[in-house]
Protein chains: 2
Amino acid sequence: MTSVDPSVIADVPLFAGLSRAEHEDMLRDAKAIRVAKGRPVFAQGEAAHSFFVLVHGHLRVMKLTPDGQQVVVRFVVPGEIFGVACAIGCKTYPATASAVIDSVVLVWPSAVWPELIARWPALASRAMHAIGGRLQEAHTRVVEMSTRQVEQRVAHALLRLVQQAGRKLDKGVEIAFPITRQDVAEMTGTTLHTVSRILSAWEERGLVEGGRQRIVVREPHQLFILAESSPGASA
Amino acid sequence: MTSVDPSVIADVPLFAGLSRAEHEDMLRDAKAIRVAKGRPVFAQGEAAHSFFVLVHGHLRVMKLTPDGQQVVVRFVVPGEIFGVACAIGCKTYPATASAVIDSVVLVWPSAVWPELIARWPALASRAMHAIGGRLQEAHTRVVEMSTRQVEQRVAHALLRLVQQAGRKLDKGVEIAFPITRQDVAEMTGTTLHTVSRILSAWEERGLVEGGRQRIVVREPHQLFILAESSPGASA
DNA sequence: GGCCCGATTTGATCCATGACAAAGACTCTG
DNA sequence: CAGAGTCTTTGTCATGGATCAAATCGGGCC
């Protein structure tokens with residue numbers, strides 16, 4: 001039996017407030033696995049055998065349409081629970097999660113979920129909040145896609161990424177994992193061409209700084225203003 | 001103290017499998033209120049004092065953007081729980097719910113939620129599934145908005161409405177509550193003008209039949225084919 | 001170091017759909 | 001039954017972005 005050091009979940013919000021002994025107890029059913037950059041943790045349509053917590057690294061969660069287009073649902077950062085299909089009554093995973101950099105995840109069999117939440121009711125509540133937060137975010141995204149133009153959506157997406165995975169730099173904040181224009185396009189419902197043009201324009205104005213699979217936001221506040229401005233009000 | 005007849009929640013899926021005595025117990029904290037057509041049950045931004053179950057009628061849930069545009073999040077049909085901000089850790093309602101026809105709702109104070117789920121753990125699980133379902137739907141909508149054109153999105157929206165609130169007619173299925181082209185536009189991220197044109201075109205082809213605040217789907221299957229066809233493949 | 005491949009940039013063109021405008025059509029009310 | 005207020009239809013025009021096409025750039029690998 002793989003034994004996992006309980007300290008790895010010391011700062012997982014979902015498990016906050018539990019004792020070390022309780023952590024150990026929970027980890028009894030878990031396994032830690034390494035996922036190489038680019039490899040999937042699970043794939044859309046697969047039977048939902050397990051649920052997960054990301055310990056280290058970054059994952060991209062995406063949905064594939066029947067005709068092969070893909071949409072980025074979100075990025076997972078360390079400490080988050082993901083792949084909880086079992087908790088919401090899905091038999092199969094509704095999306096694919098793959099590593100954008102070498103990552104480490106904890107894996108529990110789906111079967112232990114009911115047991116866990118029965119034993120720690122706070123867990124149910126926390127999980128509910130986590131799912132609720134994602135619902136909120138999804139709705140925000142729907143509203144955004146319905147009412148704002150591409151430039152504003154890209155601005156919002158960048159701000160969200162910065163908040164979720166920003167790394168402070170001398171001059172601005174950098175998104176802490178490799179991300180392509182294509183990724184940003186798939187987060188905002190546009191094309192990599194349009195994203196490239198927008199970022200170029202922003203770079204011109206000193207708002208951001210780009211690079212291969214790299215985005216640095218120099219002026220988050222300016223970006224915020226852009227994101228919030230009403231759809232008609234352009235320069 | 002208002003006493004509510006336990007039979008009103010006999011067919012609420014959330015409470016299925018509980019005994020009549022348990023229903024009574026739950027209803028002890030509830031009040032039933034009538035909401036006139038057009039009146040809000042709660043409004044976006046308001047403190048989330050209560051959560052609800054719709055007993056009779058239909059509600060529209062919508063979000064308002066800072067600049068006054070609105071987006072329809074969903075319609076609530078009888079038997080559904082809604083306004084569960086408290087369950088997902090929101091202090092205020094993130095959207096507005098108002099009656100599209102005269103309706104009756106059960107109201108519980110948010111404060112009893114923790115109590116209820118503590119007493120009936122199955123409730124927590126059911127609620128989780130309900131929220132999960134909405135998350136799925138929201139993601140589906142994001143994918144749709146990112147990858148399909150307006151006509152396909154409208155087709156999907158109609159099919160969803162038919163499934164949720166379809167009333168079988170001699171010639172087709174009717175959406176069982178008054179709904180305007182504006183509503184459909186706000187569900188699909190387009191304008192009432194475009195929706196009107198699309199419905200007119202479909203009516204021409206015999207797929208649907210329209211009227212004031214009324215839509216009858218004559219050929220669900222044709223609509224389905226339209227909804228699924230790849231974005232480029234038009235007549 | 002030189003090659004190869006994926007990522008990015010940029011230009012030119014096209015078109016789905018939004019915006020504007022105005023005229024019906026249906027309901028309810030007084 | 002007239003009038004008002006919604007809702008719906010339809011026409012015309014403008015345009016934000018998608019699409020198509022090609023360079024160019026930058027890294028990693030042998």
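What you see is a predicted model; the values in this text were computed from it and never measured. Quick note on labels: first sequence line is chain A, next is B, and so on, each numbered from 1.
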Side chain to side chain contact (heavy atoms under 4.5 Å, CB included) evaluation trace for Val104(B) with Val35(B): CA-CA 6 Å; Val104(B) 177; Val35(B) 184; over 6 Å; no
Sequence-distant partners of Thr194(A), side chain to side chain donor-acceptor pair (under 3.5 Å), two or more places apart: Thr191(A)
Atom-pair distance (CZ on Arg214(A); P on dT8(C)), nearest Å: 12 Å
Per-nucleotide protein contact string for nucleotides 25-30 of chain C (B base, S sugar-phosphate only, - none; heavy atom under 4.0 Å): -BS---
Distance, rounded to the nearest Å, where Gln149(A) contributes CD and dA19(C) contributes C1': 12 Å
Members of residues 192-200 of chain A that approach DNA chain C, where some heavy atom sits under 4.0 Å away: Leu192(A), His193(A), Ser196(A), Arg197(A), Ser200(A)
With sequence neighbours excluded, residues passing salt bridge (Lys or Arg N to Asp or Glu O under 4.0 Å) with Glu219(B): none
Greater than 12 external heavy atoms within 6.0 Å of Lys171(B)'s NZ: no
Rounded interatomic separation in angstrom, taking CD1 from Ile215(A) and C1' from dT8(C): 12 Å
Sugar-phosphate, base or nothing in reach of Gly210(A), heavy atoms under 4.0 Å: nothing
First and last nucleotide of DNA chain D, 5' to 3', lying under 4.0 Å from heavy atoms of chain B: dG5(D) to dT12(D)
Which residues share a side chain to side chain donor-acceptor pair (under 3.5 Å) with Trp108(A), sequence neighbours left out: none
Atom pair distance, as rounded to whole Å: CZ in Arg181(B) and C1' in dG18(C): 19 Å
Stepwise salt bridge (charged side-chain N to carboxylate O under 4.0 Å, His left out) check, Glu209(B) with Arg218(B): CA-CA 7 Å; Glu209(B) 209 171 294; Arg218(B) 273 168 154 331; 2.9 Å; yes
N/O donor-acceptor pair under 3.5 Å between Thr96(B) side chain and Gln44(B) backbone: yes
All ring-ring contact (aromatic ring centres under 6.0 Å, His included) counterparts of His193(A), not counting sequence neighbours: none
Rounded to 10 degrees, the angle between the two terminal axes of the helix from dG1(C)-dC30(D) to dG30(C)-dC1(D), each from five pairs: 40°
Qualifying side chain to side chain donor-acceptor pair (under 3.5 Å) pairs, either residue in residues 49-64 of chain B, two or more places apart: Arg60(B)-Asp183(B)
Spacing between Trp202(A) atom CH2 and dT8(C) atom P, to the nearest angstrom: 15 Å
Minimum-distance pair of heavy atoms, taken over all atoms of Arg141(A) and Met187(A): NH2-O, 3.1 Å
Distance, rounded to the nearest Å, where Glu209(A) contributes CD and dT9(C) contributes C1': 17 Å
Non-neighbouring partners of Phe52(B) that pass ring-ring contact (aromatic ring centres under 6.0 Å, His included), sequence neighbours left out: Phe42(B), Phe82(B)
Listed partners of His139(A) passing side chain to side chain donor-acceptor pair (under 3.5 Å), at least two apart: none
Residues which pass side chain to side chain donor-acceptor pair (under 3.5 Å) with Arg197(B), listed by chain and number, not counting sequence neighbours: none
